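To start, the structure itself, in structure tokens.
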Amino acid sequence: MDLYRLGEEIRDAAAPDGPVETRWERRRFEAKLVNPANRRKLTVIVVGTGLAGGSAAATLAEAGYRVRSYCYQDSPRRAHSIAAQGGINAAKNYRNDGDSIYRLFYDTVKGGDFRARESNVYRLAEVSVNIIDQCVAQGVPFAREYGGLLDNRSFGGTQVSRTFYARGQTGQQLLLGAYQAMERQIAAGTIEMFARHEMLELIVVDGRARGIVARDLVTGEITTDLADAVVLASGGYSNVYFLSTNAKGCNITASWRAHRKGALFANPCFTQIHPTCIPQSGEHQSKLTLMSESLRNDGRVWVPLSSGDARPPGQIPEGERDYYLERIYPAFGNLVPRDIASRAAKNVCDEGRGVGPGGLGVYLDFADAIERLGRHAVEERYGNLFEMYQRITGEDPYGVPMRIYPAMHYTMGGLWVDYDLQSTIPGLFVIGEANFSDHGANRLGASALMQGLADGYFVLPNTINNYLASGPFDRLDASHEAVVAARTAVEDRLARLLAVDGDRTVDSFHRELGHIMWEHCGMERTEEGLTKAISLIRGLRDEFWTRVKVPGTGEQLNQNLEKAGRVADFFELAELMCIDALHRRESCGGHFRAESQTSDGEALRHDDEFGYVAAWEYGDLPTLHKERLDFEYVHPSTRSYK
Ligand SMILES: Cc1cc2nc3c(=O)[nH]c(=O)nc-3n(C[C@H](O)[C@H](O)[C@H](O)COP(=O)(O)OP(=O)(O)OC[C@H]3O[C@@H](n4cnc5c(N)ncnc54)[C@H](O)[C@@H]3O)c2cc1C
């Protein structure tokens with residue numbers, strides 16, 4: 001049976017050419033501008049108040065646009081970005097250890113396993129230095145060295161220290177910066193904030209994105225909101241796996257609704273599994289907890305040398321331990337990128353050398369660091385993470401090694417955007433984790449915050465002008481037929497979910513979907529497994545629409561109804577992820593196809609066949625559009641961290 005059809009190739013028409021280091025400068029110069037007096041006449045809807053959406057809303061409002069900002073939490077500063085722990089990269093070279101914009105560009109293209117665009121990645125590296133200045137000016141309390149300079153640490157896939165951090169709470173501190181900037185604009189009347197509102201549909205009029213349909217999550221009221229452009233900053237979709245490190249509310253609905261309205265979805269199967277999470281403790285669990293990658297600066301990863309060794313870690317002598325990352329990858333050691341570290345952990349567990357319940361764990365040991373630096377220094381760097389670990393597991397990581405295991409964490413795939421961050425629907429821009437743009441098949445640690453803030457503070461506020469310069473667009477009101485149709489579609493869908501009145505909870509469906517995805521579209525993927533997953537997902541989706549039970553009504557706070565809508569969209573996304581993973585018969589980054597590996601078990605790419613972005617068009621039969629990737633600067637090579 002055909003699972004998809006092949007469409008026309010696409011290209012990024014907004015991308016400038018010429019030397020890579022001049023492209024962003026040129027694009028900014030060539031993009032049209034909107035004069036300050038005209039900006040007041042233009043309205044932009046921003047869905048999402050995480051680091052991407054918060055920074056974008058504040059910056060657009062500061063520039064003079066009228067902004068209407070949405071989030072489903074009770075406050076913009078509860079966006080999932082607040083959970084980010086370890087840090088944010090920037091090519092400042094404060095350590096004088098050989099870093100540069102070019103090196104950050106190089107590391108990111110290589111780290112993404114040559115599946116990202118060079119132009120975008122270079123711009124990201126270039127803008128990274130401005131982000132730190134911006135955040136320091138806002139008062140973000142980055143960690144400092146004794147002399148007062150900003151401190152840096154290392155993250156995976158690099159040999160320099162370029163990660164700026166605020167203990168293990170970097171996301172929270174950065175978000176407070178963006179939130180304060182937003183609040184200033186809210187007070188000034190340039191941002192109107194709609195908290196506890198969920199976007200459930202995109203409004204497209206004459207081919208342009210012109211607004212959204214949202215539901216007030218407290219009263220259940222359905223509203224339509226119209227504007228000159230819409231920005232989605234709605235985050236990633238790791239929760240399609242049910243268990244992930246993401247906040248429970250993270251979902252795909254905003255992006256998926258846009259996809260159904262014509263926005264292409266790129267590389268949906270590129271997902272990131274993070275190697276250092278607290279292992280799952282049982283079937284009852286609904287969330288996993290990350291232990292930041294920063295811990296691998298000082299923690300050493302090991303398992304017993306022989307399988308089945310059940311002695312407590314303290315009783316296993318040095319000579320009977322296998323520090324397998326240091327052994328296999330001596331050049332990067334414990335700081336290999338996430339995809340490599342996750343697979344290595346899986347391999348040693350598959351060999352029967354895993355530790356803890358079910359043998360699904362490896363040790364992350366700080367004994368050497370505590371001896372070398374003293375407990376106080378370790379506490380200074382990671383205190384809140386150690387406390388979190390102790391509270392969850394009941395074990396003291398200062399005394400016994402942490403136990404960690406890979407878990408779903410981040411999604412590199414997302415809505416397709418051009419160099420201007422505009423989707424295939426004119427007027428719909430997508431920023432932060434919600435787009436696919438900069439990380440290829442594997443994101444390096446501390447690069448998501450960098451991308452979110454680069455997009456929100458610096459890139460979008462420049463590129464969106466080029467689009468808005470043709471506005472203001474025709475005035476619309478709620479009676480326009482496209483607006484009425486979008487609103488009716490939302491009402492019908494909610495009514496349909498409530499009407500099923502079956503006998504299974506939304507969570508039970510979500511958990512089962514997550515099992516299928518983790519089993520067959522997780523750390524290792526095979527043709528057989530993915531084919532099976534597609535049929536299991538289709539069966540479960542049909543069952544969902546006949547057996548789901550959504551108690552309550554739509555005219556009240558109803559979290560079951562919210563979840564049901566999100567899970568319904570996860571079903572459709574999950575199928576597309578498996579189709580994408582099945583068609584990409586190569587391994588690259590986080591996408592490991594068992595049929596495509598080197599003799600020593602590393603990912604084996606096939607650049608000649610798959611050196612492209614897979615951009616999917618919605619339809620009963622999805623259509624694949626390929627965007628070829630060209631590498632002029634960082635030439636594709638076998639990615640080695642040995
Ligand atoms: C535990 C953890 C630790 C991490 N640590 C790091 C780190 O140290 N460094 C790093 O670089 N990255 C880290 N990451 C990744 C990083 O935090 C995220 O990729 C990033 O914060 C995403 O930001 P965002 O603005 O794109 O989306 P989010 O912060 O997820 O914000 C999404 C926003 O969209 C809104 N929204 C979504 N859908 C709708 C809808 N339908 N209607 C209305 N509003 C909607 C939400 O309310 C929210 O405001 C970490 C991730 C996790 C899970």
Side-chain angles (χ1 to χ4, degrees), residues 45-57 69-90 131 153 155 163-175 178-179 182 193-202 212-215 217 231-239 244-247 249-258 272 274 276-278 287-294 338 385 388 407-412 414 430-435 439 443-456 562 565-566 569:
I45 291 174
V46 181
V47 179
T49 59
L51 285 175
S55 57
S69 168
Y70 284 79
C71 72
Y72 57 70
Q73 288 90 351
D74 54 1
S75 158
R77 74 185 178 88
R78 286 186 191 271
H80 159 68
S81 290
I82 204 159
Q85 301 173 346
I88 174 166
N89 288 330
I131 297 172
R153 54 190 177 196
F155 262 58
T163 306
F164 295 76
Y165 65 100
R167 262 187 148 192
Q169 307 165 341
T170 316
Q172 176 172 3
Q173 299 306 330
L174 292 171
L175 191 60
Y179 169 73
M182 267 186 90
M193 182 68 228
F194 298 88
R196 289 190 136 189
H197 278 71
E198 182 165 22
M199 166 189 163
L200 294 178
E201 195 52 274
L202 180 74
I212 63 170
V213 182
R215 177 168 180 269
L217 298 181
V231 177
L232 293 188
S234 44
Y237 52 87
S238 293
N239 282 349
S244 87
T245 61
N246 284 200
C250 292
N251 69 87
I252 192 62
T253 290
S255 294
W256 195 254
R257 296 285 117 196
Q272 175 163 88
H274 198 298
T276 58
C277 303
I278 300 181
K287 163 106 188 64
L288 293 172
T289 307
L290 176 75
M291 287 287 103
S292 166
E293 179 162 304
S294 59
R338 293 173 181 178
L385 300 172
M388 207 190 312
M408 252 324 291
H409 179 64
Y410 181 88
T411 48
M412 282 77 67
V430 191
I431 60 176
E433 192 174 338
N435 74 25
H439 308 294
R443 173 177 71 81
L444 292 182
S447 289
L449 303 186
M450 172 171 71
Q451 184 223 333
L453 291 181
D455 287 359
E562 292 166 28
R566 294 169 191 168
D569 288 334

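Treat the numbers as computed from the prediction; the structure is a model and nothing was measured. We count ligands from 1, going down the list as the structure has it; atoms in each ligand are counted the same way.
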Show the numbers, then the answer: is there a side chain to side chain donor-acceptor pair (under 3.5 Å) between Thr411 and Glu433? CA-CA 7 Å; Thr411 48; Glu433 192 174 338; 3.2 Å; yes
Any non-hydrogen atom of Gly236 lying under 4.0 Å from ligand 1? no
Compare Gly235, Ala446, Gly50 and give the one whose heavy atom is closest to atom 27 (O) of ligand 1. Gly235
Would you say Thr49 has any N or O atom under 3.5 Å from an N or O of ligand 1, going by distance alone? yes
For Tyr410, take its heavy atoms, then give the atoms of ligand 1 lying under 4.0 Å from any of them. 19 (O)
When you measure from atom 34 (O) of ligand 1 to every protein heavy atom, which one gives the shortest distance, and what is it? Gly48 CA, 3.2 Å
Closest protein heavy atom to atom 23 (O) of ligand 1, given as residue, atom name and distance to 0.1 Å: Ser81 OG, 3.0 Å
Protein contact of atom 53 (C) of ligand 1 - nearest heavy atom, named by residue and atom, plus distance: His80 CE1, 3.0 Å
Nearest protein heavy atom with distance in Å, relative to atom 41 (N) of ligand 1: Met199 O, 3.1 Å
Has Gly87 got any heavy atom lying under 4.0 angstrom from an atom of ligand 1? yes
List every atom of ligand 1 that sits less than 4.0 Å from any heavy atom of Asn246, numbering the atoms from 1 in the order shown and giving each element. 53 (C)
Would you mind running through ligand 1 and noting each atom that sits below 4.0 Å from a heavy atom of Gly432? 26 (O)
Just to be sure I read this right, does ligand 1 sit under 4.0 Å from the backbone of Ala247, its side chain, both, or neither, counting only heavy atoms? neither
Any heavy atom of Gly171 sitting closer than 4.0 Å to ligand 1? no
What is the closest protein heavy atom to atom 13 (C) of ligand 1, and at what distance does it sit? Ala84 CB, 3.8 Å
List ligand 1 atoms under 4.0 Å from Ala83, heavy atoms only on the residue side. 1 (C), 2 (C), 3 (C)
Tell me which one of Gln85, Met450, Arg443 gets a heavy atom nearest to atom 14 (N) of ligand 1. Arg443
Checking a contact table here: which protein heavy atom is nearest atom 26 (O) of ligand 1, and how many Å away? Glu433 N, 2.9 Å
Protein residue, atom and distance nearest to atom 45 (C) of ligand 1, heavy-atom basis: Tyr72 CD2, 3.5 Å
Taking only heavy atoms of Gly86, which atoms of ligand 1 are found under 4.0 Å from at least one of them? 7 (C), 8 (O)
Given His439 and Ser447, is the side-chain contact (heavy atoms from CB on, under 4.5 Å) satisfied, shown in steps? CA-CA 8 Å; His439 308 294; Ser447 289; 3.9 Å; yes
Cation over ring, Arg566 on Tyr72, under 6.0 Å and within 45°? yes
Under 4.0 Å to a heavy atom of His197 - the qualifying atoms of ligand 1, by number: 42 (N), 43 (C)
Numbered atoms and elements of ligand 1 in range of His409, under 4.0 angstrom, heavy atoms: 2 (C), 3 (C), 4 (C), 50 (C), 51 (C), 52 (C), 53 (C)
Check whether any N or O atom of Cys250, backbone or side chain, sits under 3.5 Å from an N or O atom of ligand 1, and answer yes or no. no
Looking only at heavy atoms of Leu51, does any of them come nearer than 4.0 Å to an atom of ligand 1? yes
Specify side chain, backbone, both or neither for Glu293, according to which of its non-hydrogen atoms lie closer than 4.0 Å to ligand 1. neither
Counting only nitrogen or oxygen atoms and a 3.5 angstrom limit, does Leu449 reach ligand 1? yes
Out of curiosity, is Arg257 lining ligand 1, as in a heavy atom under 4.0 Å away? no
For ligand 1, which part of Pro76 has a heavy atom less than 4.0 Å away: the side chain, the backbone, both, or neither? neither
Only heavy atoms of Ser447, strictly under 4.0 Å: list the atoms of ligand 1 that pass. 11 (O)
Give a yes or no on whether the backbone of Gln169 and the side-chain of Gln85 come within a donor-acceptor separation of less than 3.5 Å. no
Which heavy atom of the protein is the closest neighbour of atom 44 (N) of ligand 1, given with residue, atom name and distance? Cys71 CA, 3.5 Å
With a 4.5 Å limit on heavy-atom distance, are the side chains of Arg167 and Gln172 in contact? no
With Ile88, which of Thr163, Leu51, Leu453 fulfils side-chain contact (heavy atoms from CB on, under 4.5 Å)? Leu453
